[in-house]
Protein chains: 4
Amino acid sequence: MPRPIDPALRRARRLQIIDAGLTAFAEHGYAGATTAEICRIAGIGSGTFFHHFPTKNSLLVAILELGVEETIAFFTARDPQRPPRQVLSDYVEHAVGDLADPRAAGFITVVGGLTAHPEIAAALQADEDTTRSRLRDVVAAAQQQGQVRDDLPADRLAVWIMLLVDGFASRVTTGGFDVRTEAPLLQEQVGALLDGPRSTPTTPC
Amino acid sequence: MPRPIDPALRRARRLQIIDAGLTAFAEHGYAGATTAEICRIAGIGSGTFFHHFPTKNSLLVAILELGVEETIAFFTARDPQRPPRQVLSDYVEHAVGDLADPRAAGFITVVGGLTAHPEIAAALQADEDTTRSRLRDVVAAAQQQGQVRDDLPADRLAVWIMLLVDGFASRVTTGGFDVRTEAPLLQEQVGALLDGPRSTPTTPC
Amino acid sequence: MPRPIDPALRRARRLQIIDAGLTAFAEHGYAGATTAEICRIAGIGSGTFFHHFPTKNSLLVAILELGVEETIAFFTARDPQRPPRQVLSDYVEHAVGDLADPRAAGFITVVGGLTAHPEIAAALQADEDTTRSRLRDVVAAAQQQGQVRDDLPADRLAVWIMLLVDGFASRVTTGGFDVRTEAPLLQEQVGALLDGPRSTPTTPC
Amino acid sequence: MPRPIDPALRRARRLQIIDAGLTAFAEHGYAGATTAEICRIAGIGSGTFFHHFPTKNSLLVAILELGVEETIAFFTARDPQRPPRQVLSDYVEHAVGDLADPRAAGFITVVGGLTAHPEIAAALQADEDTTRSRLRDVVAAAQQQGQVRDDLPADRLAVWIMLLVDGFASRVTTGGFDVRTEAPLLQEQVGALLDGPRSTPTTPC
DNA sequence: AATGAATGAGGATTCATTCAT
DNA sequence: AATGAATGAATCCTCATTCAT
């Protein structure tokens, strides 16, 4: 007697578990977070968890895939007319917005280096590749318009933007670092990165 | 007639275990690294491990304390005559040197956010505080000599230097990021941070 | 749609484990009994054990609490009209009945002196206090009715009844001591305790 | 270059370890007491322990054998002229004297029921048999002199004397039981045991 | 779909014992 | 004799996962 399943409900339940997983992974790391705690946070039984995710592994992958989707959505929603350099600034602002949730910051730093499970490594790589290629395209466009230094390849600049954002995230988890207060300095650093070193001091005065 | 115990041997054995721990933690994270694997890497029996470290926890703490000692040693060894701004550059170079060992980079990113175990959190905080206060002193000295912008407090600049180094570390673990190749760009970013935003082009000549 | 959990099944499983624990503890002592053996006796997996009892410790406590409940049940079920002195005799008979199970006798003697774990010590004390206070009340009532010597306080006599029962239990575990054969002698000793020393030999004949 | 070994020193060291073992066994039981703690109490290294006792097992056996020796010494030292009934009373007083050391009481109750290790079981049995046979002989002699009831076999009375002493010991470990205060009551109970039930009041005068 | 009881492989840690010095 | 470092089997307990209801 199959109940008429409401896909919306199913999706909501998945998101509920994903949210709990984000919390638990951010606090204890992947291996340190137990499915029992995730269930407790989500307010569900263990059976329900494995109804929606076949393994703990798959939950982490789902979280990462959600991140990829979000990244794609961000770049897809850009106004094509907006100057690429502005888009890069927007991206940083967008990332800072995510990091306002300390769980997101903790998740990024703690999960970042996992290479043990192949599936997770693949998902992490996919996350990385997506952001990197999208950023690279925008950087390249900005270079073509002369808005960004061109002594470095676009891909390398993209990586360094991600480096700055990752460093920023790693600081969020420690005390005394206010995301909103520090955001302008992040933009300043990204600006310095994209502008390149100060024009030679040879400027005669 | 107690045998004269050789403290050097004991210390060597501890370092051997610490080294194995660094490897395992960097690869699998704290919770994901098993004492069995650490023992296997170190080539010892499980009993020997717990003969030297009462808990897995204490091994992590010992690694972090070693990091603190190294940081202190670095700053203590500085020539007092060296310009502070140069010392900051030296520090970054020193940090890059550590990160040449990919285990160190992995360790930093993976262990960074652990707050579950109070002892670990305390050791992490001590590590953080040591580096931060030493850097702050040097930054402050540099500010007094006019070598570094003074529109931001020294402590905040110190944190941002650490931010850049942490971001750098987080990139080491991902492929296609060569420490030596990227080091100059890190110095460039630190330089931009300490110089502050490009002086307004309105500066009349 | 949560399945209506059957508390009776859960309770039955708990009792099954408690029974196995009684066997193992009686035979090897608390520390000497392994959870693995308890599981084997109970015919369950180790996971099931810890599903019902968080620690081996808690199993022992549960056994002791069951003993407390039984003691309370015994005294509660007494006919208020029954002469207190008879109730004391009934209690001794009841205790002897328990000791017919050699596991009970072994359990009492082996577990009696544990003071290392605070929780166990507390549970043992609760067991002790319950029996002692109930016995004391009955002894006091018997004293008021002139059925028991009153040159000693009721509490002290209660303790001595327990002493006799404990001594009896300690003999059950050694060979050549048949509970049923020896029970009358126990009653005789309790009688001597409650009557006090033989009336002075000054009785002239 | 064998050092001239002083047998007295060796014996003293053994006794030192035996004393530490008594303490540890009484507090934690046999399995619960670790050789490490025994060494700590004795103030020696683990190597020294196993120099004097090949196994933890053998230490317990040694303690029990010491008890046997002491029992034999007690009965051997009796004045043959002393009335047997008095000797029984002396024995009880002697036992009470031992129990003034709470470790002895704890040791007796906690170790009493071990049957797992054959060697220990044998040593316990030897302890039991020694005391029992010696007591039986004295009881039998007292019966022949009409000082003790003879409606029960001497052996059974001997067991019951031990039962009373064991019960007494089991109470020492619990609080509020002063050995010296309670000793007279123990003698009273032994007296009642040896006298038998109060002669029927029908005894015509 | 939802639940939680059951499972057993695996994990951190303990411990009696050995052995080179 | 004395020591303590080293060992690995054994122990308590955890945890992802399965499954009947």
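These figures come from a predicted structure and were not determined experimentally. The sequence lines fix the lettering, A, B, ..., with proteins before strands; numbering per chain opens at 1.
To the nearest 0.5 Å, atom NE2 of residue A:H51 and atom CZ of residue A:R10 are 8.0 Å apart. Interatomic distance, CG of D:L60 versus CD of D:E119, reported as 10.0 Å (0.5 Å rounding). Distance check, rounded to the nearest 0.5 Å: OG1 of D:T35 to NZ of D:K56 gives 7.0 Å. We find the OG1-NE2 distance between D:T115 and C:H28 to be 7.0 Å, quoted to the nearest 0.5 Å. With rounding to the nearest 0.5 Å, the separation of CZ in A:R13 from CG in A:L15 is 11.5 Å. Between the CD1 atom of C:I17 and the CD1 atom of C:I41 there is a distance of 12.0 Å, given to the nearest 0.5 Å.
For the OP1/OP2 pair of E:dA5 and a distance below 4.0 Å, the side-chain nitrogens and oxygens of C:T48 include no atom meeting the criterion. For the OP1/OP2 pair of E:dA5 and a distance below 4.0 Å, the side-chain nitrogens and oxygens of C:H51 include at least one atom meeting the criterion.
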Inset, instruction - Report the secondary structure of DNA chain F in dot-bracket form, marking unpaired bases with a dot and bases paired to a different strand with |, and treating Watson-Crick or G-U pairs with both distances under 3.5 Å as paired. - result: .||||||||||||||||||||
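Of the listed nucleotides (E:dA1, E:dT7, F:dA2), E:dT7 has the atom at the smallest distance from the side chain of C:I44. Listed candidates were E:dA1, E:dA6, E:dA2. Nearest to the side chain of A:R10 is E:dA1.
The closest donor-acceptor contact from the side chain of C:Y30 to the backbone of C:N57 lies under 3.5 Å.
Below 30°, between 30° and 60°, or above 60°: for B:F25 and B:F107 the angle between ring planes is between 30° and 60°, a tilted geometry.
Applying a 4.0 Å cut-off to non-hydrogen atoms, none of the residues of residues 14-21 of chain D approaches DNA chain F.
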Provide a list of protein-nucleic acid N or O atom pairs under 3.5 angstrom, restricted to nucleotides 10-14 of chain E.
| from | atom 1 | to | atom 2 | distance (Å) |
| --- | --- | --- | --- | --- |
| E:dA12 | OP1 | B:A33 | O | 3.4 |
| E:dA12 | OP1 | B:T35 | N | 3.4 |
| E:dA12 | OP1 | B:K56 | NZ | 3.1 |
| E:dA12 | OP2 | B:T35 | N | 2.9 |
| E:dA12 | OP2 | B:T35 | OG1 | 2.9 |
| E:dT13 | OP2 | B:K56 | N | 2.8 |

